[in-house]
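Sharing a structure below in structure tokens format, with a few things to ask.
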Amino acid sequence: MGNRPMASFLVAYERSATSSKICTLYEMNLERINKQFMNTQIYGTAIDEQGAFRHEVKLPSGDLTVYATQQLFSSLDYKVFDMANNNLQIPDIRYMSYTPDVHVGVGTCIGTTAVWDARSGYVSPSIVGSDIGCGMRVHMTNLHKDDLKDVKLRRKLVKAIEKVLPMEANQRGHYSDIRLEHIVRKGLHGLPKKYIPDSYTPKKSTSLTHVESSKFAFDESVLELVPDMTWHRAHRQLGTLGGGNHFAEIQAIEIAEENRSIAEAWGLSDGQIVVMIHSGSRAWGGYVSQMSSSAILKVMQRHGWGTSDPKLIFAPLEHAEGRHYVNMMYSALNYAVTNRHLIAYAMREAFREVFGSKCEFSTLYDLMHNYAWEEHHPELGRVFVHRKGATRALPAGHTDNPKPYLTTGHPALIPGSMGTASYIMVGQPGGADNYYSICHGAGRIRSRTATKRLVKVEDFEAALRVGTEDEIVVNQRSLESILDESPQAYKNVDEIIESVTGAGLAQVVAKCKPLAAVKGAKS
DNA sequence: ATGTGC
């Protein structure tokens, strides 16, 4: 496949005077390794496949598949290979891969898909990530981008959103009529009816059941161990955005010509205004992650389990602590889905205030990128799939699609960095090789601290076209406070998208260009 | 990411 020449990479530790552990990727002819690299200890090798969009990497602990353009692949931080090598030491791992937006995280890279047998396998809080259930949600309006041409109107909209959507640190949500106990047990089913308004239901789309029925069933007795303080904080935080890369964005979409029929079937049209939300399980998921990780760590120490990275936490699925984590994780998935729903509910209120009560706000989809759960695999049977910063994108016809999306595949929601485009995609049959995982966003290229040191506020302002009629209006008065979220902190999302389309994992249905955004920040 | 952790 593809007409580009095959290339090979050497993943190597160089021994030099200053360092003996620097891993480097060399593009080279494998036959000449020994002659050219006298001071190099071969750590692993990578072979390009599928026209250089897929790389099969052989590491000491096992095999890793990396989906990326050749350029992205060769620019990867060596630490991601070290991290993969540690993760591959967890027993009985069936499969591990990286998406092109991969970058270093705690214990496991963000951008990882890792698979075990669902009965005899392992679960790892490190390969779920600390923001359990974090994900994306998109709502479709009946507004056109021309309706938002006036920068003053975009400002008015952002002001209206600020009034109804808590986004400053420590700011509390205002849902005292919602019982948190019902939310973590039943997800959206735990919400009072008033929060599921009829007008959410799109006229065209057949049903919202894919989202509204989201419910992660688990052994609810684990909830008894959660301390009062966590219940209290998590309740106050319901419907709040959170900080970091979380956002709610108003975007205008452009339909990809080759997928126009899918776009129309989903209710998307050229120039349409959509609202994209990125948030997670807030303090509830944070508590689950922290408490489970320390409980499992104790078990690991007792049994002498572990890899070279002490921060890589894992336990057998059948072990009591492993099961406990899975149960608690599902409560956090319920929290996260409901949290995004309530953020959308508030956004809808703001839109109705500015554009009137006829403003539609139907749900396109809600999709997580930090979780682990059971899936069916045609050859392996029941498997336990972890996705940390990876999005599941099912193709047309896959029976795990929610009914309304069975014939098209479901929307896969991929955020870009601030000021750059986001994407609505659909999975392709080629994704089967990767358990249908695709990228989850642009992927960080520099740390928050490094970004604050290197990027100037002026660069961020330019990216947002501040001061022009086309300005992407942001709620934060001080861009300084969210400088670590500037596009210069991230990889180019277009190249990430090119990687997954090139590899045959997914196709673009719509490109979403930002018009306004709200973000949380430290106060 | 997190009412972060010293």
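By convention in this document, chain letters (A, B, ...) are assigned in the order of the sequence lines, proteins followed by strands, and residues within each chain are numbered from 1.
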| query | For residues A/T307 and A/D309, is any side-chain donor paired with an opposing acceptor at under 3.5 Å? | reply |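 Not at all, the side chains of A/T307 and A/D309 share no donor-acceptor pair under 3.5 Å.
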
*Using a 4.0 Å heavy-atom cut-off across all strands, classify A/N370 as base, sugar-phosphate, or nothing.*
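Contact class for A/N370: none.
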
Discussion item. Need one value for A/G242: base, sugar-phosphate or nothing, where a base atom within 4.0 Å counts as base even if backbone is also close, heavy atoms only.
Written reply: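 Contact class for A/G242: sugar-phosphate only.
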
Salt-bridge test for A/R392 and A/D400: reply yes if a basic N is under 4.0 Å from a carboxylate O, no otherwise.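 Result for this pair is yes, salt bridge flagged.
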
Q: Rounded to the nearest angstrom, tell me the gap between atom CZ in A/R282 and atom C1' in B/dT4.
A: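 Whole-Å distance recorded here is 12 Å.
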
How is A/R236 classified with respect to the nucleic acid when contacts are heavy atoms under 4.0 Å: base, sugar-phosphate, or nothing?
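Here A/R236 touches the bases of the nucleic acid.
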
For the pair made of CG in A/N245 and P in B/dT2, what is the distance, rounded to whole Å?
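Interatomic distance, CG of A/N245 to P of B/dT2: 8 Å.
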
Quiz item: Hey, which of A/D101, A/V493, A/V102, A/L505 is the one that makes side chain to side chain contact (heavy atoms under 4.5 Å, CB included) with A/C439?
Solution: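 When A/D101, A/V493, A/V102, A/L505 are each tested with A/C439, the side chain to side chain contact (heavy atoms under 4.5 Å, CB included) holds only for A/D101.
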
Does A/Q290 or A/E485 map to a spot on DNA chain B nearer the 5' end, using the closest nucleotide for each?
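Final value for this comparison: A/E485.
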
Notebook entry, point to check: Base, sugar-phosphate, or nothing: which does A/G244 touch, judged by heavy atoms less than 4.0 Å apart?
Noted result: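 It contacts sugar-phosphate atoms only.
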
Select base, sugar-phosphate, or nothing to describe what A/G129 touches, counting heavy atoms under 4.0 Å on all strands.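 Since no nucleic acid heavy atom lies under 4.0 Å of A/G129, the category is nothing.
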
- Query: Please give, in whole Å, the distance from B/dT4 P to A/M229 CE?
  - Reply: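 One finds 11 Å between P of B/dT4 and CE of A/M229, rounded.
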
Quick one: A/N339 CG to B/dT2 C1', roughly how many Å, whole number?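 After rounding, the reported distance stands at 13 Å.
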
Determine the sole option in A/L76, A/V80, A/I110 for which the side chain to side chain contact (heavy atoms under 4.5 Å, CB included) test with A/V104 is passed.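 Only match with A/V104 under side chain to side chain contact (heavy atoms under 4.5 Å, CB included): A/V80.
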
query: Is any side-chain N or O of A/H246 closer than 4.0 Å to OP1 or OP2 of B/dT2?
result: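 Yes, because at least one side-chain N or O of A/H246 sits under 4.0 Å from OP1 or OP2 of B/dT2.
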
(Q) Check this for me, if you would: do A/R155 and A/E471 make a salt bridge, where the nitrogen-to-carboxylate-oxygen distance has to be below 4.0 angstrom? (A)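 Yes, this pair counts.
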
Integer-rounded Å distance: B/dA1 C1' and A/Y371 OH
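So the OH-C1' distance, A/Y371 to B/dA1, works out to 19 Å.
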
Item to complete: Could you check how far OH of A/Y335 sits from C1' of B/dA1, rounded to whole Å?
Response: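 Those two atoms, OH and C1', are 13 Å apart.
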
In whole angstrom, what separates A/M136's CE from B/dA1's P?
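So the two atoms are 12 Å apart, to the nearest Å.
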
Practice task
Figure out the CD1/C1' separation between A/I132 and B/dA1, and round it to whole Å.
Solution key: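 Atom-to-atom, A/I132 to B/dA1, this comes out as 11 Å.
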
